[in-house]
Protein chains: 2
Amino acid sequence: MTTTTISRPVCILGLGLIGGSLLRDLTAAGHPVYGFQRSPSAARVATEEGFDVQSDLAAVLQRAENDGALIVLATPMPAIASLLDALGEYAPTCGFTDVVSVKGEVYALVCERGMADRYVGGHPMAGTADSGWSASQRGLFCGAAWVITFDHAYEGEPSESWIRLWEDVVHIARLVGAEVIPSRVDNHDAAVARISHLPHILAETLAIIGDNGGALALSLAAGSFRDGTRVAGSTPSLVRAMCETNHAALLTAVDEAITLLVDARANLAAAKPSVEELVDAGYRSRIRYEARSGSRAQAKGVSHRPVIRFQPGSKGWVNQLIQAEDLGARIEVF
Amino acid sequence: MTTTTISRPVCILGLGLIGGSLLRDLTAAGHPVYGFQRSPSAARVATEEGFDVQSDLAAVLQRAENDGALIVLATPMPAIASLLDALGEYAPTCGFTDVVSVKGEVYALVCERGMADRYVGGHPMAGTADSGWSASQRGLFCGAAWVITFDHAYEGEPSESWIRLWEDVVHIARLVGAEVIPSRVDNHDAAVARISHLPHILAETLAIIGDNGGALALSLAAGSFRDGTRVAGSTPSLVRAMCETNHAALLTAVDEAITLLVDARANLAAAKPSVEELVDAGYRSRIRYEARSGSRAQAKGVSHRPVIRFQPGSKGWVNQLIQAEDLGARIEVF
């Protein structure tokens, strides 16, 4: 049996696409939840829809401190440092998590402030092309991966309260239908550089080169160009924030891309032009991905990820987390 | 008024996805058409479905010569040279076209054999993930771009019979619902390198780099990776044939990609990591493409391409073709 009972109220700071959708789902599930939205007019919109939302950060944090809430930092990266300082001032004992798409930089800010025993990192991998409260919706996280970090447990003996916090963050993700993938910060950032940030870099590149071909090229462009450039239509500021925040890991992925392309270029320029090496390897990789992501299973609403069940804090649990991370497995706690 | 009357029978050599679909559409339209399929068993399957198909190449070509048919070379690139030789032997006066996705190499083979006044190049930009007669279908070309080359007219004074051939090739494309985009061989190959072949190269590259991230990366992969690697699932031999046949133009596109990525790498490695330049340019390019490809118009079955109408062979018609090529416009002849 899997339990999804969160042991405390939830307080969400920032009600954009992710924070707003989380507020909607937790409210609908009947769990005590309230939120902070900086803009008073936006807060009013949410309030009029019946949600428990305020635009006074200090007041919201004091309320969280009073009722021992779990705080979710649901703002973009640039606001995290000042929110951590506000937590230190107004909610000094609350545990917290975040939803930022890059985990290394957040964890560094947390550790600098000595808050690691109160923090569990999170990254729900759900999104739409739109952003803001108006884009938030019920069910956004259903079936999505939600990465939850465990560096603090890996690095030493976490407190009992940290283990309970970790458990509650898992429960939040599970309650809204997400699949929890445990990962350490650096491994997460390296993985998303490959499968989330590099795709943006290559899509931008392809879009520019097609455009360089002028009207004839754009007129002839069909499915492969359309799909290959789709994410180049994402809001530039959001793409920049993701890529620049994860610059170190992204650099590794970009370097791998340059190496593969330089090799392919040499083989194309040879006396007998060939792209055999690249194409055969790429095909095998894509087939492996297709097998793994099991489109058939997905269509039936069945998860394609292996599952590992365990009890947080029990003997060997950190090793089970490492095993799950290696497998890209989802976890369930009991 | 647009006429789509083809002035002679059509003889299709090779009944794979493209040739087979063309045979189905022309047969359904009631136009005299017959085909050649090398494999006797495959020819029998088509015959049993009621199509006029033979597996004796010499006999089919002699028939074409006797009834003055327009011959469509619908085989992959590797078979083209030997088919041209067979045409020279058995159908020495027939006009012909082809459907190969790269035009420079075909045109070189045609010119080497002194057949340029009998040849009009074609490239119907339609396809599915599957190939062969069993994948062929009615309506495959509906709304698709069908590039038709005009180098022979651009290079000098084409014969009256070449102009009639050119017109008939346009009529074939129009009869099956395609939009005719005129282009010279080199401009076509440069354009498709950018919007059709480079997307494959980048998709293979991305697939490999995601796979290099192991199970965790593949487990976290979502929409951007799925779309960005989709065409890496194409049959490797087909991808290689396209890319290697168009190696010179593809080299230019790959070099542009390497330059953009090396610049992005330098900006990512800077003291203040930034991908602003790449992301802003890529976003503008994608938006231009979206505006041009007009997804709304497409949904309504309305072409997004400008149209130019003219009479083949009339004064200034080659300049009109160049103008259409510059605009990526479709043409209609009267």
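Quick caveat: nothing in here was measured; it's all calculated off a predicted structure. In what follows, chains are A, B, ... by sequence order, proteins preceding strands, each numbered from 1.
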Can you tell me how far [atom2] of [Y] sits from [atom1] of [X], rounded to the nearest 0.5 angstrom?
{"X": "E290(B)", "Y": "R226(A)", "atom1": "CD", "atom2": "CZ", "answer": "11.0 Å"}
{"X": "N267(B)", "Y": "H247(A)", "atom1": "CG", "atom2": "NE2", "answer": "13.0 Å"}
{"X": "R288(B)", "Y": "I208(A)", "atom1": "CZ", "atom2": "CD1", "answer": "10.0 Å"}
{"X": "D255(B)", "Y": "L268(A)", "atom1": "CG", "atom2": "CG", "answer": "9.5 Å"}

I want to check something: taking the side chain as every heavy atom from C-beta on, are [X] and [Y] in contact at a cut-off of under 4.5 Å?
{"X": "F225(B)", "Y": "R194(A)", "result": "no"}
{"X": "T205(A)", "Y": "L198(B)", "result": "no"}
{"X": "S219(A)", "Y": "I181(B)", "result": "yes"}
{"X": "L206(A)", "Y": "P199(B)", "result": "yes"}

Measuring heavy-atom distances to chain B, does [X] have an atom under 4.5 Å in its side chain, in its backbone, in both, or in neither?
{"X": "A203(A)", "value": "neither"}
{"X": "R305(A)", "value": "side chain"}
{"X": "A190(A)", "value": "neither"}

Least distance between heavy atoms, D280(B) atom then P236(A) atom: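 So the two residues come closest at OD1-CB, 3.6 Å.
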
Smallest separation among heavy atoms of E276(B) and E244(A), with atom names: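 Closest approach of E276(B) to E244(A): N-OE2, 3.8 Å.
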
[options]: which one forms the most heavy-atom pairs within less than 4.5 Å of chain A?
{"options": "S234(B), A215(B), A248(B)", "result": "A215(B)"}
{"options": "L220(B), L250(B), I287(B), N187(B)", "result": "L220(B)"}
{"options": "L261(B), V275(B), I209(B), V231(B)", "result": "I209(B)"}
{"options": "S224(B), G228(B), A269(B)", "result": "S224(B)"}
{"options": "I258(B), D211(B), V192(B), T245(B)", "result": "D211(B)"}
{"options": "A253(B), A191(B), S237(B)", "result": "A191(B)"}

Interchain contact, S274(B) with chain A, by part (heavy-atom threshold 4.5 Å): both

Heavy-atom contact with chain A under 4.5 Å, split by part of L218(B): both

Sub-3.5 Å donor-acceptor pair from the side chain of [X] to the main-chain atoms of [Y], do we have one?
{"X": "E204(A)", "Y": "Y283(B)", "result": "yes"}
{"X": "R265(A)", "Y": "V254(B)", "result": "no"}
{"X": "E325(A)", "Y": "L216(B)", "result": "no"}

For chain B, find which of [options] contributes the most heavy-atom pairs closer than 4.5 angstrom.
{"options": "M125(A), H200(A), R230(A), E179(A)", "result": "R230(A)"}
{"options": "A257(A), A193(A), G210(A)", "result": "A257(A)"}
{"options": "L260(A), L202(A), L251(A), V239(A)", "result": "L251(A)"}

Which residues share a side-chain contact (heavy atoms from CB on, under 4.5 Å) with A207(A), sequence neighbours left out: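 A207(A) satisfies side-chain contact (heavy atoms from CB on, under 4.5 Å) with T229(A), A232(A), S285(B), R286(B) only.
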
H123(A): partners by ring pair (Phe, Tyr, Trp, His ring centres under 6.0 Å), with sequence neighbours left out: H188(A)

